Amino acid sequence: MKTTIKRIGVLTSGGDAPGMNAALRAVVRSAAFYSIECVGIYQGYQGLIDNKVKLMNARSVNNIINKGGTVLKSARCLEFRTKEGRKTAFETVQKNGIEALVVIGGDGSFTGAMIFQSEFNIPVIGIPGTIDNDIFGTSHTIGYDTALNTVIEAIDKIRDTAISHNRLFFVEVMGRDAGHIALNTGIGAGAEEVLIPEEDMGLDRLLESLKRSEKSGKSSSIVVVAEGDKTGKNVFEIAEYVEKNMPYYDVRVSVLGHMQRGGSPSCFDRVLASRMGVYAVEALLEGKSNMMVGMIKEEMTLSPLEKAIKGKSEINKDLIRVSDILTI
Ligand code: F6P
């Protein structure tokens, strides 16, 4: 190990994601393993501003690997976006002898981390935790796999009632500006159509496709709509448009919302979070900073935080092709 860091801080920030606790556990226990101290910071950057911190040891993270949410709590902290806020946050860092930070969160949290690092020269390593999977430099973010499974379970249930009533359901899923959740759950749940921000399908093509489905003998249908879809209409407006043009369909809308962020993390997310947590602490001890831990082809990697934020996590075009073929 190259550095003499004796105490690190860890926080969870932005939208919570299942598996954040597993990542926290891994960070705290790796710190204990390498005989350095670890301070938990509550409510993301807000806890740094308000000096809400607590020294943690290997036992502080007992029995949390299976828990959804984040025991450290999270926040989208507006104050940290100001120079004043970050100055106060750095005072907390100094007061508590924190020499490096692990930030578990999404792109907004990483942007904050980069600015903080450049202003106060404190080493920072990011761990990608968001259900959206919209971070460049990793094939999976923590929480994404669990969210996919949660959505699939919900759509399977919607399918039961859709079939019973011969209804057409529009199901809105999360993902902010990314269509990963929509596309994968659309295929996994056997949806007729998937509307994602990366591909503007257009309402006319949607109508054509639904008419084809109806003609081919389908009596009920499910359309998965990403919340950031680019048709320029929200899910209710899309549903209304389709109902107007296909009056024989009984249309319903279901917005899955924040239930997608909750629940016990899947095995995949727990293992991913555990690996990332260990790797993040080791990276800090190796003297690395301003980097994000990722997983590419099953291997742990490090990439610059700047790339993680600015790069685009591309949608897999083959999934669009597969989805189109299977909706025949
Ligand atoms: O980034 C995770 C996410 O759940 C997005 O999918 C969604 O757009 C957003 O957070 C919702 O944010 P909030 O919980 O602040 O309403």
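Small disclaimer: the values here were computed from a predicted structure and weren't measured. Numbering starts at 1 and runs along the sequence shown. Order of listing sets the numbers, starting from 1, for every ligand and every atom in it.
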How close does the nearest protein non-hydrogen atom get to atom 9 (C) of ligand 1, and which residue and atom is it?
R176 NH2, 3.6 Å
Side chain to side chain contact (heavy atoms under 4.5 Å, CB included) test vs T185 passes for just one of V171, I152, L256, V194, namely I152
Protein contact to atom 7 (C) of ligand 1 [nearest heavy atom, distance to 0.1 Å]:
E227 OE2, 3.3 Å
Applying the ring pair (Phe, Tyr, Trp, His ring centres under 6.0 Å) criterion to F90, which one of F120, F80, Y45 satisfies it?
F120
When you measure from atom 1 (O) of ligand 1 to every protein heavy atom, which one gives the shortest distance, and what is it?
D132 OD2, 2.7 Å
What's the separation between atom CZ in R81 and atom CZ in R76, rounded to the nearest 0.5 Å?
9.0 Å
Shortest protein heavy-atom distance from atom 11 (C) of ligand 1, along with the residue and atom involved
R261 NH1, 3.6 Å
Does Q260 reach ligand 1, in the sense of a heavy atom lying below 4.0 Å from it?
no
Pairs satisfying ring pair (Phe, Tyr, Trp, His ring centres under 6.0 Å), at least one member in residues 268-326, at least two apart:
H140-F268
Provide the number and element of each atom of ligand 1 under 4.0 Å from a heavy atom of M174.
4 (O), 6 (O)
In the protein, what heavy atom is nearest to atom 12 (O) of ligand 1, and what distance, to one decimal place, separates them?
R76 NH2, 3.0 Å
How far is atom 16 (O) of ligand 1 from its nearest protein heavy atom, and which residue and atom is that?
H258 NE2, 3.3 Å
I'd like to know if the side chain of N290 and the backbone of P304 have a donor-acceptor N/O pair within less than 3.5 Å.
no
At what distance, to the nearest 0.5 angstrom, does CD of E306 lie from CZ of F110?
14.0 Å
Nitrogen or oxygen of G175 less than 3.5 angstrom from that of ligand 1
yes
Using salt bridge (charged side-chain N to carboxylate O under 4.0 Å, His left out), reason through R321 and D324 one step at a time and then give a plain yes or no.
CA-CA 5 Å; R321 193 181 71 85; D324 285 347; over 6 Å; no
